[in-house]
Protein chains: 2
Amino acid sequence: MSGIFSNKCEYGLRAAVYIAALKKDQFVSIRSVAEALDISFYFLTKVLQTLTQANIMNSYRGPNGGISLSRPASEIHLNEIVIALEGRRSLEGCVLGLPECGGENPCPLHNRWMDIREEINQMLGSTTLQELADQNPVKLENIIKSAG
Amino acid sequence: MSGIFSNKCEYGLRAAVYIAALKKDQFVSIRSVAEALDISFYFLTKVLQTLTQANIMNSYRGPNGGISLSRPASEIHLNEIVIALEGRRSLEGCVLGLPECGGENPCPLHNRWMDIREEINQMLGSTTLQELADQNPVKLENIIKSAG
DNA sequence: ATAATTTAAGACAAAAAAGTCTTAAATATA
DNA sequence: TATATTTAAGACTTTTTTGTCTTAAATTAT
């Protein structure tokens, strides 16, 4: 009974927004992110490794190492993060899970779901980390631990 | 890496639409539904038990027993099925999984996601099994096994 | 009554997701 | 060079989801 996305994906999105909001041009340690967001350090490490492999983040080892966005926050869209962590199926698949479902072979919910899927993809594909990082500070604070 | 809903929920939706489309006023055996939809009989039994407990279906044991919709298909909305099988959080929760997120305490994605959540709830809350069952037969056939 | 059919309930098993830990590799600094 | 710091990789454990099976209960028909 989790949310619409997996924990992995929720954590990845939260971490990405957090890092973007720091507006720091050095590496940020995963440990500090994990503590700020109240996420298991070990698990977050795995999640961010995936984002690094997907070329969304950069990592650097050693003292003063950590992770950073691989590009300006204005060039990272949320759908990249979701696809890296959740897979394409979550954004492109049939609601009923039918692999054959598509334009010429629509399931009973196909058309109705298409509209929603479009909206989701539109939103995630057009929203950048920059936009989220530039929001009202109240909204940003709500992803960090002290808010909970 | 599954779809937007769990397997349980996908199966429940497919079975409900299938049963509605049969337009049969007797009980339909779970076994026949499982075969038609190519879903494990055992697992489907569990899923439909949940829908029966949620008062969406009726069941009856013994020869000629099986399951049926507990109400006219025109009075069963998709959101009921999703809530019964997937939980309220999937339709009402924060995209980032933050329990505190809400109107006065919005996460960075809150407003954007609200719009989409609204659409999803609107669609699922207004679409009935009847409407899906009355669609173009091609769409209906695509939930059954022979289509795969 | 007896046997056959069908769902209910609960135990059980397998697979996937979530989370933890250890060791290795890279890097910086003393 | 030696030590400390930090991510990478992979083993491992726990929890949840998914799927299977067995037995019980309800019901029908013989």
Side-chain angles (χ1 to χ4, degrees), chain A residues 1-15 19 24 26-70 82 84-87 89-90 97, chain B residues 1-15 19 24 26-35 37-70 82 84-87 89-90 96-97:
Chain A
M1 297 286 203
S2 70
I4 203 99
F5 291 138
S6 66
N7 290 6
K8 219 167 60 172
C9 189
E10 290 175 356
Y11 296 165
L13 287 168
R14 287 168 59 197
I19 292 164
K24 215 181 141 190
Q26 291 148 340
F27 290 100
V28 182
S29 81
I30 297 178
R31 180 144 256 134
S32 72
V33 177
E35 277 167 14
L37 304 184
D38 200 23
I39 298 172
S40 148
F41 163 69
Y42 292 128
F43 195 48
L44 185 60
T45 294
K46 297 295 187 190
V47 172
L48 295 179
Q49 249 174 62
T50 301
L51 294 183
T52 299
Q53 285 155 1
N55 205 28
I56 293 166
M57 307 240 176
N58 275 334
S59 67
Y60 198 81
R61 302 190 208 193
N64 310 317
I67 49 164
S68 65
L69 303 179
S70 70
V82 173
L85 296 171
E86 199 78 5
R89 237 174 92 193
S90 66
Chain B
M1 297 284 204
S2 70
I4 203 99
F5 291 137
S6 67
N7 290 4
K8 217 168 62 172
C9 188
E10 290 175 356
Y11 297 165
L13 287 168
R14 287 169 58 198
I19 292 164
K24 214 181 140 190
Q26 292 148 340
F27 290 100
V28 181
S29 82
I30 297 179
R31 180 144 256 136
S32 72
V33 177
E35 278 168 12
L37 304 184
D38 200 23
I39 298 171
S40 148
F41 162 70
Y42 293 129
F43 195 48
L44 185 60
T45 294
K46 297 295 188 190
V47 172
L48 294 179
Q49 248 174 64
T50 302
L51 294 183
T52 299
Q53 285 155 2
N55 205 28
I56 295 166
M57 307 238 176
N58 276 332
S59 67
Y60 199 81
R61 302 189 208 192
N64 310 317
I67 49 164
S68 65
L69 303 179
S70 70
V82 172
L85 295 171
E86 199 78 5
R89 238 174 92 194
S90 66
L96 300 183

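Reminder, nothing fancy here: chain letters follow the sequence lines and each chain counts from 1. Since this is a predicted model, take the numbers as computed values, not measurements.
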Legend entry - Whether B/Y60 and B/F27 hold their rings parallel, tilted or perpendicular, with breakpoints at 30° and 60°: parallel
Inset, instruction - Kindly point out which of D/dT7, C/dA8, C/dG19 is positioned nearest to the side chain of B/T52? - result: C/dA8
Inset, instruction - Could you tell me whether A/S6 contacts a base, only the sugar-phosphate backbone, or nothing, with contacts defined as non-hydrogen atoms closer than 4.0 Å? - result: sugar-phosphate
Legend entry - First encountered from the 5' end of DNA chain C, between A/G62 and A/Y11: A/Y11
Legend entry - Short side-chain N/O contact to C/dT6 OP1/OP2 from B/Q49, under 4.0 Å: no
Inset, instruction - Would you classify B/S59 as touching base, sugar-phosphate or nothing, given that sugar-phosphate means primed atoms plus P, OP1 and OP2, and contacts are heavy atoms under 4.0 Å? - result: sugar-phosphate
Legend entry - A/N7 side chain near D/dT16 phosphate (N/O to OP1/OP2, under 4.0 Å): no
Legend entry - base_contact_polar (D/dG10 base, A/K46 side chain, donor-acceptor, <3.5 Å): yes
Inset, instruction - Determine the contact category for B/S29: base if any of its heavy atoms lies under 4.0 Å from a base atom, sugar-phosphate if only primed atoms, P, OP1 or OP2 are that close, otherwise nothing. - result: sugar-phosphate
Legend entry - Criterion side chain to side chain contact (heavy atoms under 4.5 Å, CB included) on B/V82 and B/S90, from CA distance to verdict: CA-CA 8 Å; B/V82 172; B/S90 66; 4.0 Å; yes
Legend entry - N/O (side chain, B/N64) to phosphate O (OP1/OP2, C/dA4) under 4.0 Å: no
Legend entry - Toward the 5' end of DNA chain D, by each residue's nearest nucleotide, A/T45 or A/S2: A/T45
Inset, instruction - For B/Y60, report the nucleic acid contact type (base, sugar-phosphate, nothing); a contact means any heavy atom under 4.0 Å. - result: sugar-phosphate
Legend entry - For atom CD1 of B/I67 and atom P of D/dT27, their distance in whole Å: 17 Å
Legend entry - Residue-phosphate contact under 4.0 Å: B/Q53 side-chain N/O, C/dT7 OP1/OP2: no
Inset, instruction - Could you check how far CZ of B/F43 sits from P of C/dA9, rounded to whole Å? - result: 17 Å
Inset, instruction - Would you mind reading off the distance between A/R61 atom CZ and D/dA4 atom P, rounded to a whole angstrom? - result: 19 Å
Inset, instruction - Would you kindly give the CD1-to-P distance between B/I30 and D/dA26, to the nearest whole Å? - result: 17 Å
Inset, instruction - For A/L48, report the nucleic acid contact type (base, sugar-phosphate, nothing); a contact means any heavy atom under 4.0 Å. - result: nothing
Inset, instruction - Using a 4.0 Å heavy-atom cut-off across all strands, classify A/E10 as base, sugar-phosphate, or nothing. - result: nothing
